[in-house]
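Some notes on the structure that comes next.
Computation of the quantities below employed the complete heavy-atom set of this structure, encompassing side-chain atoms and omitting hydrogens, waters and symmetry-equivalent molecules. Proteins get letters first, then strands, A, B, ... in listed order; numbering begins at 1 in each.
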Amino acid sequence: MTATVRTRFAPSPTGYMHIGGMRTALFVWLWARHNNGTFILRIDDTDQQRNVEAALAPIFRAFRWLGLNWDEGPDVGGNFGPYYQSQRTHLYQAAVEKLLAEGKAFKDYDSPEQIAADRAVAESAKQQFVNIRRSLELTDAERAQFEAEGRPYVVRFLVPRDQRVAIDDAVRGHVEWDGALMVDPVIMRSNGTVLYNFATVVDDAHMQITHVIRAEEHLTNTAVQALLHQALGNTPPVFAHIPFITAPGSTKKLAKRDIDKLRNSPQLKKMFDRADEVLPQLGLGDSKILNPLMVEYYERLGYLPEGILNALSRLGWSLDDKTEFMTLDTVIQNFTLDRIVKSPAGLDAEKLQSYQQHWMNQLPLEDKVAGCLSFLQQAGLVSQTSDAAIQSTVGQVVTGLADRLRIFSDILDYKEFFVADDALVYDEKAFKQRVVDAPEAVGLLTALREQLATAAAFDAPALDSLVHAFVESQGVKIGQIVHALRVAVTGRAVGIGLFDALAILGRDRCLSRIDRTLRLANRQS
RNA sequence: GGCCCCAUCGUCUAGAGGCCUAGGACAUCGGAUUUUCAGUCCGAGUACUGGGGUUCGAAUCCCCAUGGGGUCACCA
């Protein structure tokens with residue numbers, strides 16, 4: 001068996017890339033790559049919206065950001081195009097004609113109202129509804145008359161009701177359905193367009209897809225699709241239905257419609273809040289525009305593709321009993337369908353965060369600096385990213401930040417290094433607690449200021465010993481001065497190592513900030 | 001409701017009859033380190049939905065129950 005594996009992901013142009021859909025796409029892509037096969041991107045735009053182009057942009061963007069390339073599809077072409085369903089109607093038409101000619105489908109002249117009435121009757125009798133095939137009973141004369149008067153009809157696939165359909169799903173195993181319980185599905189609307197379930201079968205066969213890997217909610221569709229493949233004389237693909245992703249703390253499918261509930265869920269609230277904090281600074285709106293259900297959220301907030309890919313890979317799949325951190329290559333090497341978990345998995349923000357943190361820590365300093373620089377620039381905090389002095393400052397801050405930098409936008413929490421001295425905003429609470437109300441803080445700060453002004457060296461180790469010598473000579477504890485000093489120069493009670501911070505800012509800026517603090521404190525007391 | 005799928009720590013998972021007094025990770029809770037926050041290190045607790053079988057032996061196989069979910073469109 002040397003047949004090339006061909007897989008496909010078929011998004012519809014919705015205007016954003018759903019994180020759950022991305023996980024499905026990743027698995028589909030992974031299976032192709034694992035087998036040195038072909039990954040195809042096909043656009044399910046049978047629904048014809050006006051702005052397909054714009055609605056597709058975020059989807060392509062997400063694939064590109066994560067580095068999931070496609071071998072056939074929009075932009076790259078391929079031998080089985082076009083890759084937009086809206087451009088493949090001739091193939092669907094031909095398939096409908098074929099089924100009609102072979103008596104495997106029929107024109108149904110029943111009105112939607114009639115069908116609805118039939119359904120109501122069945123339901124009130126507590127019986128399984130299967131459509132009544134009235135149009136099959138039509139005489140030739142009646143049929144000719146309907147045809148002549150142009151009576152509208154849909155084309156239904158004629159389900160073999162005496163048959164059971166079975167598939168051997170690569171993750172679920174043997175699944176079967178009873179044809180007698182199935183409704184003849186509409187494959188072509190009265191306006192001549194075909195339905196998804198049918199177009200998919202035609203396309204999958206035509207594009208020689210070997211493995212249909214998709215989310216579990218399509219499992220029920222598969223009965224019809226398997227039957228359709230059979231009727232069309234296709235070699236059916238292998239189906240693999242992977243579990244969907246559930247909302248955190250829930251067992252229900254993660255869905256955009258529940259966005260308001262998710263916003264307030266304890267698990268996701270932090271992520272929404274972070275968006276509201278960061279996005280406006282970048283001029284990208286807020287959490288109403290980008291939320292954690294969208295791949296672009298992660299990109300815009302400065303997550304690493306490595307982190308997201310790692311997290312997504314581990315949602316419903318594992319390499320073994322211990323391995324958590326994996327590069328894409330490692331996952332490709334080891335990705336097999338039989339290791340896909342059957343039950344749904346919840347998206348865990350904390351765990352995702354931990355993958356992200358791991359990969360951020362792995363990143364070389366220069367890459368971290370470049371990433372942060374880009375965010376600082378977007379926020380208007382630095383203007384010239386090529387400026388050597390700025391690069392050096394960012395490098396020092398990032399080094400001082402060490403593990404505290406989890407996502408690139410975290411750098412925006414350390415504005416104190418990038419704002420002018422007189423523009424530094426003091427945290428009110430910290431300022432009051434550590435400077436105004438702290439006993440002797442102002443006096444100590446004043447005394448220390450003079451020593452800083454004349455210090456021989458202004459690097460972190462030197463400052464460290466200077467401050468320690470200072471507290472010894474003053475007979476106070478170190479805690480009495482460090483907090484005040486930190487607030488004075490950074491405006492906040494928390495941050496990177498104090499002496500690193502002082503050194504990065506340099507003598508002049510530190511003194512200027514201490515002076516300003518002293519003035520403000522005197523005014524307040 | 002019919003059909004279909006699923007069921008191990010709070011969460012993501014390992015487990016394909018004896019290696020399981022159930023392993024790992026995240027989270028949680030202790031302790032240590034630290035000028036703060038974070039981190040790091042050490043430690044702790046927490047799970048096989050229930051009931052029947054099969055077997056010398058079951059988290060693992062079978063059946064039933066229960067629970068959860070998906071799907072039932074001229075949407076995709």
| task | Take atom C1' in B/A38 and the same atom in B/U21, then report the distance between them in whole Å. | result | 38 Å
| For the side chain of A/T220 and the base of B/C4, is some donor closer than 3.5 Å to an acceptor across the two? | no
| A/Y414 six-ring face occupied by A/R492 cation (under 6.0 Å, within 45°) | yes
| request: Hey, could you give me the CD/CG distance between A/E176 and A/D168, rounded to the nearest 0.5 Å? | output: 9.5 Å
| task | Report the base-pairing partner of B/G2 (Watson-Crick or G-U wobble, both distances below 3.5 angstrom), or none. | result | B/U71
| field | ring pair (Phe, Tyr, Trp, His ring centres under 6.0 Å) evaluation trace for A/F335 with A/F27 | value | CA-CA 8 Å; A/F335 187 82; A/F27 279 24; 5.2 Å; yes
| request: Return the nucleotide paired to B/U49: Watson-Crick means purine N1 to pyrimidine N3 with N6-O4 or O6-N4, wobble means G-U with N1-O2 and O6-N3, both under 3.5 Å. | output: B/A65
| query | Between B/A25 and A/K351, is there an OP1 or OP2 to side-chain N/O distance shorter than 4.0 Å? | reply | no
| note | Using Watson-Crick geometry (N1-N3 plus N6-O4 or O6-N4) or G-U wobble (N1-O2, O6-N3), each under 3.5 Å, B/G43 is paired with B/C29
| query | For the atom pair CE (A/M188) and CG (A/D108), what is the distance rounded to the nearest 0.5 Å? | reply | 12.0 Å
| said: Work out how far the C1' atom of B/G69 is from that of B/U49, and round it to whole angstrom. | reply: 16 Å
| Does B/U34 have a Watson-Crick or wobble mate here (both distances under 3.5 Å), and if so which one? | none
| Going by 5.5 Å between centroids and 30° between planes, is there a stack of A/H218 over B/A76? | yes
| said: At less than 3.5 Å, do the side-chain atoms of A/E324 and the base atoms of B/G24 form a donor-acceptor pair? | reply: yes
| Atom P, compared across B/G10 and B/U46: separation rounded to whole Å | 11 Å
| query | Does any N or O donor sit under 3.5 Å from an N or O acceptor when you compare the side chain of A/R404 with the base of B/C37? | reply | yes
| Rounded C1' spacing from B/A14 to B/C19 in Å | 14 Å
| field | For B/G18, the Watson-Crick or wobble partner whose two distances fall under 3.5 Å | value | B/C56
| task | Measure from the side-chain heavy atoms of A/K322 and tell me the nearest of B/G69, B/A76, B/G23. | result | B/G23
| A/Q85 and A/D45: side chain donor to acceptor below 3.5 Å | no
